[in-house]
Amino acid sequence: MTAPSIGILLPTREQAINGTYAAAPLLDFARTAEALGFDSLWAGDSLTARPRLDPLVVLSAAAAATRRITVGTAALTPALRHPLIGANLVASLSHVAANRLVLGLGSGFPMAETEEEFASVGASFQGRVGRLDEITALWRAAWRSGEEGEPGEFQGRFWQAEHLDRLPAPAVPGGPPLWLAGSDTPKVLARAAERYDGWLPFLPDVDAYARARHRLAELAAEAGRTVTPALYATVTVSSDDRAARAELEHYISHYYGRSLEQMRTIQAYGWGSAEQCAEWLGGYVRAGARHLVVRIGSLDPEPQLKEIAEVLLPALRALGPSTTVGSTQS
């Protein structure tokens with residue numbers, strides 16, 4: 001059983017909230033995260049709902065500025081881009097990041113702002129789950145189209161495309177791993193097991209996570225596939241619990257325009273000392289999480305980065321689930 005991988009989210013949304021879009025601090029953050037020993041570096045995606053710099057552009061620069069660290073989206077919303085443009089962007093990014101690229105993909109957060117965002121680019125919010133699955137199928141068809149015997153066209157319910165073999169092939173045959181960012185419903189777990197390479201939820205209940213991870217393992221084994229169970233979680237680190245919670249509350253209110261009490265019913269949030277946050281996240285590792293994507297719950301996240309690396313990384317890497325079930329990757 002290998003140690004879990006731990007990644008950190010680039011503060012692109014935090015920059016936007018603070019009214020700055022400078023690239024240099026993001027690249028400094030990326031280099032620092034790599035030097036501190038994080039395994040991966042992630043960027044979120046939104047146009048008008050929760051604006052920020054484009055994650056594929058930012059990750060291309062971050063991949064060029066680093067040497068070892070994996071880069072990924074947590075999560076990209078493919079419906080915001082035409083599927084062929086998306087396929088080409090990802091293939092292009094893969095030539096910068098090579099085998100260091102992972103894409104967490106979402107169908108769209110169920111908020112009014114997200115529905116407005118979809119409308120702003122002419123995308124249908126209704127049926128978005130099926131559209132996500134079809135876009136990923138089109139992407140994979142495009143990325144394989146230059147291989148012998150693979151078709152150069154795609155015929156789906158929502159999208160049809162020809163001349164896919166004219167698009168640039170990704171650096172890694174077949175393209176990067178695609179993880180489904182979703183919940184723990186039976187339909188989500190079935191889709192992750194059948195169609196995706198990883199499962200990236202933000203479940204606030206570790207017991208619910210354990211049950212879902214176990215079911216995912218069963219489904220993946222039945223499908224003869226390997227799926228990475230991951231977790232997206234937010235932590236705010238301070239030796240003063242009340243100060244940590246206040247900072248997290250301030251962060252959430254600016255990020256989502258909602259309270260911590262509202263958001264913690266659907267997303268995983270931890271706060272307190274670094275040791276307390278490590279213990280909280282350790283519950284998910286013991287439940288089977290093999291890759292953690294950590295978001296720092298602060299509009300000024302850099303001061304917490306070093307302490308998180310020094311405390312959380314060794315503590316979490318020392319843990320592992322007591323059993324391995326099915327075909328989840330470990």
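When reading the values below, keep in mind they use all heavy atoms of this one structure, side chains included, and skip hydrogens, waters and symmetry mates. These figures come from a predicted structure and were not determined experimentally.
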Give the minimum heavy-atom separation between [X] and [Y], together with the two atoms involved.
| X | Y | answer |
| --- | --- | --- |
| Leu316 | Pro4 | O-CG, 3.3 Å |
| Leu231 | Ala289 | CB-CB, 4.5 Å |
| Ala268 | Trp280 | C-CH2, 3.6 Å |

Under 4.5 Å side-chain linkage, directly or through intermediates, the cluster mates of [X]:
| X | result |
| --- | --- |
| Val172 | none |
| Phe125 | Leu47, Leu80, Phe118, Val121 |
| Val57 | none |

Here the ring pair (Phe, Tyr, Trp, His ring centres under 6.0 Å) pairs for residues 48-77, sequence neighbours left out, are none
Quick note, ring pair (Phe, Tyr, Trp, His ring centres under 6.0 Å) partners involving residues 42-91, not counting sequence neighbours, are Trp42-Trp179, Trp42-His291, His82-Trp159
From the list Glu275, Gln304, Glu247, Gln276, side chain to side chain contact (heavy atoms under 4.5 Å, CB included) with Val237 holds only for Gln304
How many angstroms lie between [atom1] in [X] and [atom2] in [Y], if you round to the nearest 0.5 Å?
| X | Y | atom1 | atom2 | answer |
| --- | --- | --- | --- | --- |
| Tyr196 | Thr136 | OH | OG1 | 3.5 Å |
| Glu310 | Leu305 | CD | CG | 10.0 Å |
| Leu248 | Ile296 | CG | CD1 | 12.0 Å |
| Ile266 | Ser183 | CD1 | OG | 10.5 Å |
| Asp184 | Leu203 | CG | CG | 4.5 Å |
| Ile17 | His250 | CD1 | NE2 | 9.0 Å |

Kindly indicate whether the side chain of [X], heavy atoms from C-beta on, has any atom under 4.5 Å from the side chain of [Y].
| X | Y | result |
| --- | --- | --- |
| Val90 | Trp143 | yes |
| Trp199 | Pro201 | yes |
| Leu219 | Glu194 | no |
| Leu180 | Val188 | yes |
| Glu116 | Thr48 | no |
| Glu302 | Pro11 | yes |
| Leu312 | Leu292 | no |
| Thr228 | Asp197 | no |

Residue set satisfying salt bridge (Lys or Arg N to Asp or Glu O under 4.0 Å) with Glu113, at least two apart, ordered chain then number -> Arg258
For Glu150, the salt bridge (Lys or Arg N to Asp or Glu O under 4.0 Å) test, sequence neighbours excluded, returns Arg144
Worksheet item: In terms of side-chain heavy atoms, does Thr234 have a donor or acceptor partner in Gln267 at a distance below 3.5 Å?
Response: no
- Query: Under 3.5 Å, is there a donor-acceptor pair linking the side chains of Tyr269 and Glu249?
  - Reply: no
Contacts satisfying side chain to side chain donor-acceptor pair (under 3.5 Å) that involve residues 4-20 (not counting sequence neighbours) are Glu14-Tyr251
In short, side chain to side chain donor-acceptor pair (under 3.5 Å) pairs touching residues 59-74 with sequence neighbours left out are Thr66-Arg100
Not counting sequence neighbours, which residues clear side-chain hydrogen bond (donor to acceptor under 3.5 Å, both in side chains) with [X]? List them please.
| X | result |
| --- | --- |
| Glu162 | none |
| Glu261 | Arg245, Arg264 |
| Glu147 | none |

Margin query: Taking Arg215 first and then Glu218, would you say they form a salt bridge - that is, a charged N and a carboxylate O separated by under 4.0 Å?
Written below: yes
*Would you mind checking if Arg128 and Asp133 are paired as a salt bridge, meaning a charged N to carboxylate O distance below 4.0 Å?*
no
